[in-house]
Amino acid sequence: MKNYEPKQIEKKWQDFWEKNKIYKTNEEPGRPKYYCLDMFPYPSGVGLHVGHFKGYVATDILARMKRMQGYNVLHPMGWDAFGLPAENYAIKTGIHPAITTAKNISNIKIQMETTGLSYDWDREINSTDPAYYKWTQWIFLKLYENGLAYKKLLPINWCPSCKTGLANEEVVEGDCERCGTPTTKKEINQWVLKITDYADRLLMDLDSLDWPDKIKEMQKNWIGRSEGWELVFPLKNEDEKISVFTTRTDTLFGCTYVVLAPEHPLLLSLANKITNYDEVLDYINKAKNKSDRERISEVKDKSGVEVKGITAINPINNQEVKIFVADYVLGHYGTGAVMAVPAHDIRDFDFAKKYALPIIYVIKLKQGESKENEAFTEDGIVFNSNGFDGLSSEEAREKIGQELKKQKLAEKKINYKLRDWVFSRQRYWGEPIPIIHCEKCGMVALEEKDLPLELPQVEKYEPTGTGESPLAAITEWVNVKCPKCGGPAKRETNTMPQWAGSCWYYLRFLDPRNEKELADKNKEKKWMPVDLYVGGAEHAVLHLLYSRFWHKFLFDIGAISTIEPFQKLRNVGLILAPDGQKMSKSKGNTVSPNEIIEEFGADTLRVYEMFMGPFDQAIAWNPQGVKGVFRFLNKTWDLILSLKGNKESSQQIISETNKLVKKVGEDLEKMKFNTCVAFFMEYINLVSERKNEWGIIEIEKMLKIFAPFAPHFCEELWSELDNKNSIALESWPEADSAAIIQENIILVAQVNGKVRDKIEVAMDIDKESALELAQRSEKIKTWLNGKEIKEVIFVPNRIINILTD
RNA sequence: GCCGAGGUGGCGGAACUGGCAGACGCGUAUGCCUUAGGAGCAUAUGUCGCAAGGCGUGAGGGUUCAAAUCCCUCCCUCGGCACCA
């Protein structure tokens, strides 16, 4: 008998699949569609580790199952290949990023093929291919045409190590998301995308998506919608006014001062009225130079300076209040000014304590006294507030707001935390922005016919660090004639961020070679939205937010017909290193799929990754566990080959097989791969004890549903059983519930809620008969011991519980 | 501080809608086979107890005939956000 030798069979089947185009996706209008997508990887030089494959194997299993179930399945793969590692490597070695990228891609593609992933490689795309990024640039031009891309001088997050500006989303606790270097502020002219125009829709449409709550919540918090009022505080003896945004108009009588952000324009326009202007200016400058790090560390200790010479007037009671400048108020949120109510806001309370400012309580608990000596931030009952005393916070918010609105001093307002997306990078390896700056005409967009605007060859990839990209040094590329007036002009030298290409790639898979459109409209209509999208949770407010924004924009301009790209999203949990730490090249604890495939084969790798534990959980790699799966495959292999001649199955086995089909089908839909593998193991344990009852039909059924997990293994056994076609082309077996027989079941017998015996009874036995049988049990008898039965609880086919005194 | 997820054997984890806690796998022990075993096979394996039986799902309380599962109070771990008025 033949031994299970994965090395000898896996290559054979991979070649067979490729040669026969088994996994090519054709447009098959008669079938329901299923678009099953992995987040496409960055082609890193060290290849992918086993963790990357967990998600790929999962989607592969589902794609294979759906194909067998008759779906027209789209399961593509591509490369998100712009990015810093290739560029940094180029800086070190002088080798063009395109060359290293191509090499990395071919390595990783081999890794994917040897793992038996059933991608349709005819649709492979690469975000750095000019034929692809032509359309990334095209979308940029459309954003520009529609006023959603603009250039602005603004202080942005700057990574001194990567020497480029970053988006808000790319800064984690003040540090660069990529390299961990603390960021600084830098004022440079930046391309910005108006994602804030879509804030409301990005928020609302989350409800319609089947996404993990965690990701939805993160996006909600990131967008940060808050409803409130914008109130006007007139200035004493001045025409100017201060507008503030607040969600707590109910606390307005408790406002004892007003705070301006250091960036507030009033501080400049009223400079000559401010009597301590030197002091104020000094504070503003200090605040400007603070890094995010410093700001974060100063949260506890708030600083500020009184702005003397001007006074604000609380519009609700005409009280004069002092004005401060303090950097705990953010210039970019709301109006850049707040009304301070120390009694009912922790930040204002801290500030007021430090500078000995008055604290007036105006909200109290429904019962009992108002709190003193701390900020009471909850809703309650209003007091100390003239005509509004006794109202609830909620009522008072509305009434006070409306009262001021009559005097044109208030207006309802919604604010968002979300900020516009800083879109330009001062680096080489990214999509060039297709804009020309003309001395006469200003900014001129390239025309569609001039796309793609290809990246030029450069000699040095080093970023300049001055806020200019290395492209700026290539004069022959930079200096052009203005397309409008023909005069001297210069190309934009910033490039797009890493996220640009991934914002829309899922659309390109539908129609990857289309030269006229980003994707054919009918194909888009057919395939979108993505039915299942799988990737890591780390993209929650980056890629997943950006691509929703672009998708909605593309919908608005009529390029596509759907309003959301990814209907169902699932996060794959990390595979940690055997030491329980995150796998990383620098720690030297990575596990490569290559070594596992070499020793045990791809099918062991696949089944093990699915068996490790719940799909979305982080679990450490366990080399012993891999061996366990390999043992299971060997055992199954030997068993099936030894039974080649078995014809008939027993009723019991037929029943068990149908149960298996049912359970595996159900749990695959729920993506509970670990329990699916356990079911297979249980099944094999069972049939190996009753080998002679396991016939050909049931063996083949089992192989078919196991094939998505271990495709090479099942193909080989399938052909050993004298089948000529690929098992991948078989149809998925249906669970026959009529065949699931269970004449006798085990009923748990309890006395007073404790398990005392298990009795074998007929399926669907009634309460009386069950009780009679239970009372015959010796064990039950001892426990009843002549006591009077008070009540009997009976759950059909589960439990009988006899209660006595 | 706020938001989200979670806490079950030595380990990864099972457990439908409240109904046998610990499926499946790893590890461990003993035995068999073997020149050999980091191979294979068999048996055992939550815990205390010779046993009968008792105790057990982060802690404490509650509801119920019955709670890992529902309710209340608290503790801890992980992930995210963080002066957003």
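Atoms considered below: every heavy atom in the structure, side chains included; atoms not considered: hydrogens, waters and symmetry mates. Protein chains get the first letters and strands the later ones, always in sequence-line order, with residue 1 at the start of each.
- Using a 4.5 Å heavy-atom cutoff, the side chains of A:Lys216 and A:Pro212 are not in contact.
- When heavy atoms are screened at a 4.0 angstrom cut-off, A:Asn685 is found touching the sugar-phosphate backbone but no base atom.
- For an aromatic pair to be called close, the ring centres must be under 6.0 Å apart, and A:Trp421 with A:Tyr546 satisfies this.
- Here A:Gln624 lies in heavy-atom contact (under 4.0 Å) with sugar-phosphate atoms only.
- Aromatic pair A:Phe600/A:Tyr608: centroids not less than 6.0 angstrom apart.
- Between A:Phe351 and A:Tyr257, the distance from one ring center to the other falls under 6.0 angstrom.
- Using a 4.0 Å heavy-atom cutoff across all strands shown, A:Ile793 reaches at least one base atom of the nucleic acid.
- Under the side chain to side chain contact (heavy atoms under 4.5 Å, CB included) criterion, A:Leu409 pairs with A:Val232, A:Pro315, A:Leu404, A:Gln407, sequence neighbours left out.
- You'll find the ring centres of A:Tyr333 and A:Tyr416 outside the 6.0 Å limit.
- B:C71 and B:A5: their P atoms are spaced 13 Å apart (whole Å).
- Backbone-only engagement by A:Asn674 is indicated by non-hydrogen atom pairs under 4.0 Å involving sugar-phosphate atoms exclusively.
- Between B:A23 and B:U47, the distance separating the two P atoms is 13 Å to the nearest Å.
- Just one of A:Leu266, A:Val325, A:Val258, A:Val259 meets the side chain to side chain contact (heavy atoms under 4.5 Å, CB included) condition when paired with A:Val307; it is A:Val325.
- Here B:G38 is in the anti range [glycosidic angle more than 90° from 0].
- Distance check on atom P: B:C16 versus B:G80 gives 30 Å, rounded to whole Å.
- Among the heavy atoms of the strands, none lies under 4.0 Å from A:Lys216.
- Taking atom C1' in both B:G7 and B:A68, one finds a spacing of 11 Å when rounded to whole Å.
- Residue A:Arg419 is out of contact with every strand shown, counting any heavy-atom pair closer than 4.0 Å.
- Taking the P atoms as reference points, B:G53 lies 47 Å from B:G4, given to the whole Å.
- Across B:C74 and B:G9, the matching P atoms stand 25 Å from one another, rounded to whole Å.
- A:Leu605 pairs in a side chain to side chain contact (heavy atoms under 4.5 Å, CB included) with only one of the listed residues (A:Val57, A:Val629, A:Val50), which is A:Val50.
- With both pairing distances under 3.5 Å, B:U57 is matched to nothing as a Watson-Crick or G-U wobble pair.
- Counting non-hydrogen atoms under 4.0 angstrom, A:Trp229 reaches nothing in the nucleic acid.
- Here A:Pro212 lies out of heavy-atom contact (under 4.0 Å) with every strand.
- Residue whose closest nucleotide on RNA chain B sits further toward the 5' end, between A:Asn801 and A:Val338: A:Asn801.
- As the counterpart of B:C81, B:G1 is assigned, both hydrogen-bonding distances of the Watson-Crick or G-U wobble pattern falling under 3.5 Å.
- In terms of position on RNA chain B, the residue among A:Ile619 and A:Asp667 whose nearest nucleotide sits closer to the 5' end is A:Ile619.
- You'll find the side chain of A:Tyr361 reaches within 4.5 Å of the side chain of A:His344, heavy atoms only.
- The partner of B:G6, taking Watson-Crick or G-U wobble pairs whose two distances both stay under 3.5 Å, is B:C76.
- Using Watson-Crick or G-U wobble geometry with both donor-acceptor distances under 3.5 Å, B:U28 finds its partner in B:A44.
- Using P as the reference atom, B:G22 and B:U45 are 12 Å apart when rounded to the nearest Å.
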Please tabulate, one pair per line, each protein N/O and nucleotide N/O from nucleotides 80-83 of chain B that are separated by under 3.5 Å, including the distance.
{"from": "B:C83", "atom 1": "O3'", "to": "A:Arg347", "atom 2": "NH1", "distance (Å)": "2.6"}
{"from": "B:C83", "atom 1": "O2'", "to": "A:Tyr328", "atom 2": "O", "distance (Å)": "2.6"}
{"from": "B:C83", "atom 1": "O2", "to": "A:Lys302", "atom 2": "NZ", "distance (Å)": "2.7"}

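- Comparing B:C3 with B:U57, their C1' atoms sit 27 Å apart, to the nearest whole Å.
- At a threshold of 4.0 angstrom between heavy atoms, the contacts of A:Gln750 include nucleobase atoms, whether or not backbone atoms are also involved.
- With hydrogens and angles ignored, a donor-acceptor pair closer than 3.5 Å exists between the side chain of A:Arg798 and the base of B:C16.
- If you check every strand for non-hydrogen atoms under 4.0 Å, A:Gly628 touches sugar and phosphate atoms only.
- Using Watson-Crick or G-U wobble geometry with both donor-acceptor distances under 3.5 Å, B:A36 finds no partner in any strand shown.
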